[in-house]
Amino acid sequence: MSDIALKDEKLRIAENMQRLVDIMAQLRNPEGGCPWDLEQDFSTIAPYTIEEAYEVADAIERNDMSDLREELGDLLFQVIFHSQMAQEAGAFDVADVAEAICEKMVRRHPHVFDQGDDRSAEEQTVAWEAVKAAERAAKGIPEAKASALDGVALSLPALLRAEKLQKRAARVGFDWTDPAHIFLKLDEEADEVREAIASGEAEKIEDEIGDLLFVAANLARRMKIDPEVALRRANGKFERRFRAMEALAEKNGQDFTKLNIEAQEALWQDVKRLERE
């Protein structure tokens, strides 16, 4: 890209970002703003922020670049929304947000932004944790209280949080080295679920099923599979096959809702066979 083209692109970015900030400010303007936007606060907007992030992931999964552009815009709007509310509270504004992330990325990537600091991806992972430890110290968090698990947000979806906790533990050596050990643990946890079900204690059943899911997430991580992506695909596959069962039943003149489980299972197997063919 030529210098002129690069300058024009930077100007276009700046103009559109400022336009988005101005739109958000007008939506939150007590005089002539949007009543719904004016009623919102950080806690009411947070669920929408999470939802938009998932819609970005969905567009990526479908490899739909048009939708991805739109969903990234929706997610960017969430950043602007939170920043506007923070500005109104006198806490920070969107420029502070951008400045903070720029400084953090430069600080955490000295191998990119400081000359002569060549390092491998593995060395960068170790260095990343060292930089984050220094950042915690700068914030006044006593090193004695620091943990390898610090910074894994409680608000993450449970499956995603399980994967992140396991990755953090693995960085300090707390990890299985052989997938076979994880299969043994899965068998152990499955047996404990059966025992819990036999006991009839709801709290114990919940606890043991949680352990089983946690180990399953660990197996996915060990196989370099994102468990969240894997489960989303499984959800999609189930939905596709279930809808196909309903359609097949209708084609056969059957009311799917009135079929017994054996007849429904036969339809399920028919759908799987048709998929293979």
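Scope of the values below: all heavy atoms of this structure, side chains included, with no hydrogens, waters or symmetry mates. Note that the numbering runs from 1 along the sequence shown for the chain.
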Exercise for review: Before accepting this row, confirm whether a basic side-chain N of the pair Lys167/Glu163 lies closer than 4.0 Å to the acidic partner's carboxylate O.
Suggested key: yes
**Study point:** Donor-acceptor contact below 3.5 Å, side chain Asn16 vs main chain Arg12
**Key:** yes
Exercise for review: Determine yes or no for a side-chain-to-main-chain donor-acceptor pair under 3.5 angstrom, with Gln166 supplying the side chain and Asn218 the backbone.
Suggested key: yes
**Study point:** Ion pair Arg221/Asp175, N-O distance below 4.0 Å
**Key:** yes
Check your understanding: Counting distance only, does the side-chain N/O of Thr44 pair as donor-acceptor with the main-chain N or O of Gln40 below 3.5 Å?
Key -> no
Point to revise | Glu188 side chain reached by Asp191 side chain, heavy atoms, under 4.5 Å | key: no
**Study point:** Donor-acceptor contact present, side-chain Asp178 to main-chain His181, <3.5 Å
**Key:** no
Exercise for review: Using modelled atom types only, decide if a donor and an acceptor are shared between the side chain of Arg28 and the backbone of Phe81 within a distance under 3.5 Å.
Suggested key: no
Exercise for review: Determine whether more than 12 heavy atoms belonging to other residues, nucleotides or ligands lie under 6.0 Å from atom OH of Tyr48.
Suggested key: no
Check your understanding: Has the side chain of Asn252 got a donor or acceptor atom that lies under 3.5 Å from a matching backbone atom of Leu248?
Key -> yes
**Study point:** Interatomic distance, Gln78 atom CD to Leu76 atom CG [nearest 0.5 angstrom]
**Key:** 10.0 Å
Review point. Salt-bridged, Glu208 to Lys204, with N to O below 4.0 Å?
Key: no
Exercise for review: Using modelled atom types only, decide if a donor and an acceptor are shared between the side chain of Asn260 and the backbone of Ala263 within a distance under 3.5 Å.
Suggested key: yes
Check your understanding: Do you know the tightest heavy-atom contact between Ala153 and Arg161?
Key -> O-NE, 2.9 Å
Point to revise | Side-chain donor/acceptor of Asp255 to backbone N/O of Thr257, under 3.5 Å | key: yes
Review point. Is the Phe238-Trp268 ring centre distance short of 6.0 angstrom?
Key: yes
Check your understanding: Can we say Arg273 and Asp270 salt-bridge, meaning some charged N sits less than 4.0 Å from an Asp/Glu carboxylate O?
Key -> yes
Review point. Is a side-chain N or O of Asp150 found less than 3.5 angstrom from the main chain of Ser147, in a donor-acceptor match?
Key: yes
Point to revise | Beyond-backbone contact of Leu27 with Leu38, side-chain heavy atoms, under 4.5 angstrom | key: no
Check your understanding: Just by modelled atom types, is the Trp176 backbone N or O under 3.5 Å from a matching donor or acceptor in the Arg222 side chain?
Key -> yes
